[in-house]
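One structure is given below, encoded as structure tokens.
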There are 2 protein chains.
Amino acid sequence: MTDAAPPSLLYSVKQVELATRARLDELLRPSGVTALQYTALTVLERRDGMSSAELARNSFVTPQSMSDLVGALERRGLIARSPDPASRRRHVISLTDDGRALLALHAPAVQHLEDEMLTGFTARERTVFRDLLNRARAALG
Amino acid sequence: MTDAAPPSLLYSVKQVELATRARLDELLRPSGVTALQYTALTVLERRDGMSSAELARNSFVTPQSMSDLVGALERRGLIARSPDPASRRRHVISLTDDGRALLALHAPAVQHLEDEMLTGFTARERTVFRDLLNRARAALG
DNA sequence: CTCAATCATCAGGAATCCTGAGTATCAGAG
DNA sequence: CTCTGATACTCAGGATTCCTGATGATTGAG
């Protein structure tokens with residue numbers, strides 16, 4: 001009857017992520033890329049030349065699933081794969097100009113979404129939030 | 001080539017959620033409930049008597065999707081639906097004893113997962129983290 | 001060299017979530 | 001009261017996602 005227990009932090013994290021993903025999906029719909037595909041593109045933007053397997057580990061999905069996703073992005077011309085000179089079984093993935101253009105196209109709206117999420121946060125709180133999130137992520141292996 | 005830009009806070013939130021969901025799925029697999037189903041059960045634990053439509057809004061999915069999920073939980077005997085005396089088109093959803101037992105069964109492991117996520121956090125930081133997450137969620141409408 | 005591990009991909013299927021359509025109920029305007 | 005629009009729920013069908021299992025090529029350790 002009484003619910004003195006506050007929601008768990010696990011739940012709070014999920015809620016924030018659900019809310020942002022819903023907004024992101026809506027925002028991305030016209031481009032025909034999903035939030036997960038967009039996320040993979042932003043990862044490549046920061047760390048160009050990753051392999052499919054690395055992306056899979058980064059996104060906590062199986063290599064097979066990431067292969068599907070990467071295949072879809074390649075067919076749309078947003079990324080390109082090329083053999084890794086250092087290891088013949090790896091393929092390095094790079095953003096194409098189209099991929100970069102798509103990221104640039106949505107960057108303002110995504111930034112606006114982040115600003116909206118941080119409404120009422122002081123600069124100090126934003127820094128703290130980032131720090132706590134990164135530490136939480138690191139603590140989970 | 002240089003990637004001076006730090007990952008966005010949107011991305012950091014997603015990473016924490018991905019990491020916890022992966023762990024939660026693994027932890028829940030023996031019971032045959034998904035992380036999303038488990039989450040719905042915890043919501044009902046705190047707010048018994050919600051309708052399917054309310055749960056859908058809470059989880060940012062369509063009412064149809066939530067209807068599937070609720071149907072699955074009902075077939076497994078973890079929840080029960082009954083007509084709402086106050087409004088004949090609503091059905092209120094309650095946890096069954098089996099549903100409560102399933103939550104109790106996993107509560108320790110889930111708590112352990114949360115503790116693991118908060119490794120190195122002071123009590124004050126946990127409070128701040130909760131506050132920031134709740135404010136971020138609220139700011140997203 | 002041998003063998004276990006890794007990368008990538010194909011095939012098939014299960015699960016999830018969507019759109020569209022339809023029924024029932026409710027609340028408010030006229 | 002009646003009409004209208006909104007809401008709750010459900011069924012049907014399909015698209016997508018992501019999984020398991022299997023295969024082939026490559027690598028590196030013993």
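- Geometrically, R46(A) engages Y11(B) in a cation-pi contact defined by less than 6.0 Å to the ring centre and at most 45° from the axis.
- Listed nucleotides dT16(C), dT27(D), dC17(C) differ in distance to S65(B); the shortest reach to its side chain belongs to dC17(C).
- Here dT7(D) presents its P atom at 18 Å from CE of M66(B), a figure rounded to the nearest Å.
- Using a 4.0 Å cut-off between charged side-chain N and carboxylate O, D131(B) and R135(B) make a salt bridge.
- At least one donor-acceptor pair closer than 3.5 Å links the side chain of Q37(A) to the backbone N or O of T34(A).
- Residue D25(B) contributes atom CG, which lies 10 Å from atom P of dT16(C) at whole-angstrom precision.
- Taking every side-chain heavy atom of R81(A) into account, dT9(C) is the closest of dT9(C), dT25(C), dC18(D).
- Among the heavy atoms of the strands lying under 4.0 Å from R57(B) are primed sugar atoms or P, OP1, OP2 only; no base atom is included.
- For the OP1/OP2 pair of dA8(C) and a distance below 4.0 Å, the side-chain nitrogens and oxygens of S67(A) include no atom meeting the criterion.
- Distance, L69(A) CG to dC18(D) P: 7 Å, rounded to whole Å.
- Shown here for P63(B) and S52(B), the closest heavy-atom pair between the two residues is O-OG, 4.4 Å.
- The interatomic distance linking R90(B) (CZ) with dC9(D) (C1') rounds to 12 Å, in whole Å.
- In this structure, E114(A) contributes its side chain and L9(B) its backbone to a donor-acceptor pair below 3.5 Å.
- For dA15(C), neither phosphate oxygen OP1 nor OP2 lies less than 4.0 angstrom from any side-chain nitrogen or oxygen of T34(B).
- Nearest nucleotide to the side chain of R89(B), out of dC18(C), dA8(C), dT7(D): dT7(D).
- What separates CG of L36(B) from P of dA15(C) is a distance of 15 Å, to the nearest Å.
- Distance R88(B) CZ to dT10(D) P: 16 Å, rounded to the nearest Å.
- The phosphate of dC18(C) (OP1 or OP2) has a side-chain N or O of T62(B) nearer than 4.0 angstrom.
- Position along DNA chain C of the nearest nucleotide to V92(A) versus S87(B) favours V92(A) as the more 5'-ward residue.
- Computed from coordinates, the E54(A) CD to dT6(C) P distance equals 13 Å when rounded to whole Å.
- If you take CD of E74(B) and P of dT10(D), they are 8 Å apart, rounded to a whole angstrom.
- Residue Q64(B) places a side-chain atom within donor-acceptor reach of the base of dG20(C), judged by atom type and a 3.5 Å distance cut-off alone.
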